[in-house]
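Please read the structure below before turning to the comments.
All of these numbers come straight from a predicted model, not from anything done at the bench. Chain identifiers are assigned alphabetically (A, B, ...) following the order of the sequence lines, protein sequences preceding nucleic acid strands; residue numbering begins at 1 within each chain.
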2 protein chains.
Amino acid sequence: MDQTIHLAIVEDDNEIRQALCMIIDGSPGFTCKYAFPDGESALASIGNLPVDIVLMDIDLPGKSGIEVTRKLKSENPEIDFIMLTVQSDDDSIFKSLCAGASGYLLKETSPSNLLDHIREVYMGGSPMSSKIARRIINSFRVIQNPLSNREMEILEMLGQGLNYKDIAKDIFLSPHTVKTHIKNIYSKLHVKNRAEAIYKAIKQNLI
Amino acid sequence: MDQTIHLAIVEDDNEIRQALCMIIDGSPGFTCKYAFPDGESALASIGNLPVDIVLMDIDLPGKSGIEVTRKLKSENPEIDFIMLTVQSDDDSIFKSLCAGASGYLLKETSPSNLLDHIREVYMGGSPMSSKIARRIINSFRVIQNPLSNREMEILEMLGQGLNYKDIAKDIFLSPHTVKTHIKNIYSKLHVKNRAEAIYKAIKQNLI
DNA sequence: GCATCAATCGCCCAAAAGAGGTATTTCCAA
DNA sequence: TTGGAAATACCTCTTTTGGGCGATTGATGC
């Protein structure tokens, strides 16, 4: 069987990209035949390439590495993504993991550390700090919310199974108004009824 | 301000319980005034006690530590739980974290490691191995499912916003039958309409 | 063999929801 | 200051839901 781990790199800095590529390609058990300087070219190619793991720079020009990862991961769930960052910024690491990354690496990581990390991800792990771990455990992916406060309030009540009248009573509104809000919720979430609204809202972690 | 970390212990082995208690209570910054030999007594008391962190043995006689944690955590989300295990069994650790635990400790852990671990959890971290981390990232809590396959199938369609007729068409049934299934879903989930059904189903990870 | 349950189909009827409008006020930002 | 959300309120109309009934079939289990 082929134990070699096949990598691709997405990194705009030529020097870093080539250096990483050389380190990896020069190590037994690793190969790195593909390297991209930006998200667009990566998006166009990586889906069709025989790669196990993609090293993805977070700070790419244009589309951010997180966005590129989200897209690629959703289309190629079998590929693992390791994010590259200059400094360990909790928030972007967290976002990366939620976007589908399996790990992250600081750019100044030593070559042996780098290879260890890659191996660990390849073996099905997700090395992460305990702070990040907690955030992953607690919440899960928070997507930007198109709904107003009022709409959120009403949406939650829909999830409790309340009808127009009960919601209206609870928040001292006319049922007509509640109805209007709900209609607006539907249009913002692009759904056509309560069940679908709740489904979508939860899947996007609105509630 | 009071920087002392207040702990409680749930552990059936007298020796271990007392040893842990003494180690913790003897360390500056830590106090452990409460110790329980089983889940039942812990369930009865811990909700009313001023504790920050509970050390919970997984292998308790009677109710498992995981179950006890699930229950206590849902009623006292402000308390953190650290599971104690004899050996690092991926699966039960994973289940523990899903039940609401924030960390786990091997019983043979050294005292200084123990205190470090507790401190880390207290500071909002969740120390975990990379294997566990990946499992947490990927899936999330699977609860036992009271619904039949047919009901699940229909429930998912409800989430897509389909109505009786459309569902019936899709799965080649009479709309009456679909209605009956949905009624049964309601009764099993203890809900009264679609929105609430979807909400509850997702929250319990049925869909 | 009997109980139970999942799955299937049906009817009636009241309540609720959803799809169209229209319209006023408030408040914030450009 | 003007334009645009957001929040508020109302109307009409059709469609959909959900509750309350009953009933048959087939599989599974004790």
Closer than 3.5 angstrom, by distance alone: can the side chain of [X] be matched with the main-chain N or O of [Y] as a donor-acceptor pair?
{"X": "B:H117", "Y": "B:Y104", "value": "yes"}
{"X": "A:T180", "Y": "A:H176", "value": "yes"}
{"X": "A:N76", "Y": "A:E78", "value": "no"}
{"X": "B:Q160", "Y": "B:L162", "value": "no"}
{"X": "A:T4", "Y": "A:G29", "value": "no"}
{"X": "B:S45", "Y": "B:A42", "value": "no"}

Closest non-hydrogen atom pair, [X] against [Y]:
{"X": "A:G100", "Y": "A:T69", "value": "C-CG2, 4.4 Å"}
{"X": "A:R194", "Y": "A:N163", "value": "NH1-CA, 3.7 Å"}
{"X": "A:A35", "Y": "A:R17", "value": "CB-CD, 3.6 Å"}

How long is the line joining [atom1] of [X] and [atom2] of [N], in whole Å?
{"X": "A:I171", "N": "D:dA6", "atom1": "CD1", "atom2": "P", "result": "16 Å"}
{"X": "B:N149", "N": "D:dG26", "atom1": "CG", "atom2": "C1'", "result": "16 Å"}
{"X": "A:M152", "N": "D:dA7", "atom1": "CE", "atom2": "P", "result": "12 Å"}
{"X": "B:M157", "N": "D:dT17", "atom1": "CE", "atom2": "P", "result": "14 Å"}
{"X": "B:N163", "N": "D:dG18", "atom1": "CG", "atom2": "P", "result": "11 Å"}
{"X": "A:L158", "N": "D:dT17", "atom1": "CG", "atom2": "P", "result": "15 Å"}

**Prompt:** Does A:K200 come within less than 4.0 Å of A:E196, counting only side-chain N to carboxylate O?
**Reply:** no
**Residue-level proximity of residues 173-195 of chain B to DNA chain D when a heavy atom falls under 4.0 Å** = B:K179, B:K183, B:Y186, B:K192, B:N193, B:R194
**Request:** Shoot me the first and last contacting nucleotide of DNA chain C against chain A, ordered 5' to 3', at under 4.0 angstrom to non-hydrogen atoms.
**Result:** C:dA16 to C:dG21
**Prompt:** Between the two ends of the helix from C:dG1-D:dC30 to C:dA30-D:dT1, what is the bend in degrees, rounded to 10 degrees, where each end axis spans five pairs?
**Reply:** 70°
**Message:** Quick check on salt bridge (charged side-chain N to carboxylate O under 4.0 Å, His left out): which of B:D57, B:D13, B:D59 does B:K107 satisfy it with?
**Reply:** B:D57
